[in-house]
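One structure is given below, encoded as structure tokens.
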Amino acid sequence: MVNLAQSDGLLAVISGPSGVGKSTVLSRLFQFQDEFWFSVSVATRPARPSETEGSDYFFVDEKSFFAMEKKGELLEWAQVHGFYYGTPRRAIEEQLAGGKTVVVEVDVQGAQKIRQLVDLGEIPKEKAVFIFLIPPSVDILALRLRRRKTEDTETMNFRLRAALAELQVMEKYDYIVVNDRVDNAVEKIRAIIRAEKERVQLT
Ligand code: ADP
Ligand code: 5GP
């Protein structure tokens with residue numbers, strides 16, 4: 001049970017198709033560190049050259065990943081693009097209990113698992129908000145993915161197909177934010193979070 005009833009904590013769950021700009025938008029949101037706490041996931045994929053251990057992900061092997069999972073240390077986890085990704089539970093619980101807005105970036109399966117925790121009453125309904133980032137168009141998504149140059153063509157096509165499938169689930173989220181310009185998307189996310197924190201609690 002994530003004990004949140006008496007705190008001002010809010011769990012902001014952000015998803016979006018590969019290449020939509022999640023990392024870019026979240027790193028810009030990082031400027032407002034006093035407003036948010038960013039969860040760092042564990043991942044079994046290799047680090048990209050630009051990535052830093054403990055800041056982008058905690059990079060672990062599968063054995064360590066499943067040891068954590070077995071001990072109940074992950075709030076949720078999923079297999080994405082052939083690797084495993086999971087959200088460490090304890091740090092999030094501590095930050096939420098301290099009244100922070102915790103931002104977690106997860107794929108659509110991860111968001112669905114967190115939604116189940118809300119449905120089960122483990123996370124109070126008014127303490128979680130689900131935001132889906134979308135590109136202005138599918139062509140622009142393909143362009144961004146191609147421009148990022150972090151994947152070979154085959155992986156990129158695979159990610160693009162997965163991205164198109166992910167776009168189908170956006171109605172399961174509370175808010176859709178179009179990442180047209182990064183600063184617009186950041187402001188929309190901040191506004192959503194500010195409003196959610198003022199939501200009337202019917203407890
Ligand atoms: P994700 O984390 O969702 O996979 P990234 O943040 O890596 O996506 O962004 C993919 C590419 O798109 C990067 O090259 C990034 O610089 C670019 N990008 C992100 N947001 C925008 C935007 N609003 N306008 C133009 N390019 C963007
Ligand atoms: P990438 O390899 O591009 O960093 O991330 C691939 C996908 O994994 C993205 O959709 C991202 O949102 C998702 N992801 C990152 N961390 C987690 C996590 O802790 N849990 C889940 N379920 N997905 C994650």
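By convention here, the first residue in the shown sequence is residue 1. Keep in mind the model is a prediction, meaning the values are calculated, not measured. Each ligand, and each atom within it, is numbered from 1 in the order the structure gives.
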protein heavy-atom neighbour closest to atom 4 (O) of ligand 2 works out as Tyr57 OH, 2.5 Å
Next on the checklist: With salt bridge (charged side-chain N to carboxylate O under 4.0 Å, His left out) as the criterion, how do Lys113 and Asp107 come out once you've worked through the C-alpha distance, each side chain's angles and the decisive distance to 0.1 Å?
Outcome noted: CA-CA 10 Å; Lys113 287 181 188 169; Asp107 82 314; over 6 Å; no
One finds that the ligand 2 atoms under 4.0 Å from a non-hydrogen atom of Gly110 are 22 (N)
message = Please verify the inter-ring angle class for Phe158 with His81; under 30° counts as parallel, over 60° as perpendicular, anything in between as tilted.
response = perpendicular
For Arg45, the ligand 2 atoms with a heavy-atom partner under 4.0 Å come out as 1 (P), 2 (O), 4 (O)
Ordered by chain then number, the protein residues lying under 4.0 Å from ligand 1 by heavy atom are Pro17, Ser18, Gly19, Val20, Gly21, Lys22, Ser23, Thr24, Arg144, Arg148, Asn179, Asp180, Arg181, Val182
Any donor-acceptor N/O pair, Arg144 side chain to Gly19 backbone, under 3.5 Å:
no
TODO: Using the six-membered ring wherever Trp is involved, compare the ring planes of Phe38 and Phe30 and label them parallel, tilted or perpendicular (cut-offs 30° and 60°).
DONE: tilted
Logged contact type for Lys113 with ligand 2, heavy-atom cut-off 4.0 Å, is neither
(message) Tell me whether ligand 2 is touched by Gly86 - counting only heavy atoms on the residue side and a distance under 4.0 Å.
(response) yes
Any heavy atom of Val80 under 4.0 Å from ligand 2? The part involved is side chain
*Go through Arg181 and Asp183 one step at a time and tell me if the salt bridge (charged side-chain N to carboxylate O under 4.0 Å, His left out) criterion holds.*
CA-CA 6 Å; Arg181 279 184 28 210; Asp183 50 355; 2.7 Å; yes
The option among Phe83, Tyr85, Trp77 carrying the non-hydrogen atom nearest to atom 2 (O) of ligand 2 is Tyr85
Please tell me if the side chains of Lys188 and Asp180 come closer than 4.5 Å, counting only heavy atoms from C-beta onward. yes
Going by the 4.0 angstrom heavy-atom rule, the piece of Arg159 near ligand 2 is side chain
### Query
Does the side chain of Tyr85 come within less than 4.5 Å of Val106's, by heavy atoms?
no
If you scan protein heavy atoms around atom 13 (C) of ligand 2, the nearest is Asp107 N, 3.7 Å
Do Phe83 and Phe65 have side chains that approach each other closer than 4.5 Å (heavy atoms only, starting at C-beta)?
no
* Asked: If we only count N/O pairs under 3.5 Å, is Gln109 in contact with ligand 2?
  -> no
Atom 20 (N) of ligand 2: closest protein heavy atom, distance to 0.1 Å, is Glu76 OE2, 2.7 Å
The side-chain contact (heavy atoms from CB on, under 4.5 Å) partners of Leu160 (sequence neighbours excluded) come to Leu141, Ala142, Leu145
**Message:** Pairs of nitrogen or oxygen atoms closer than 3.5 Å, one from Gly16 and one from ligand 2: do any exist?
**Reply:** no
Arg190 side chain vs Glu35 backbone, donor-acceptor pair below 3.5 Å: no
Side chain proximity check, Thr101 to Glu196, heavy atoms < 4.5 angstrom:
no
- With distance as the sole test, does Glu53 use its side chain to make a donor-acceptor pair with the main-chain N or O of Phe59 at under 3.5 Å? yes
Check: of His81, Arg48, Glu105, Arg148, min heavy-atom distance to atom 9 (C) of ligand 2 comes from Glu105
For this session: Return the orientation label for the Phe130 and Tyr173 ring planes: parallel under 30°, perpendicular over 60°, tilted otherwise.
Result: perpendicular
protein heavy-atom neighbour closest to atom 19 (O) of ligand 2 works out as Ser41 OG, 2.7 Å
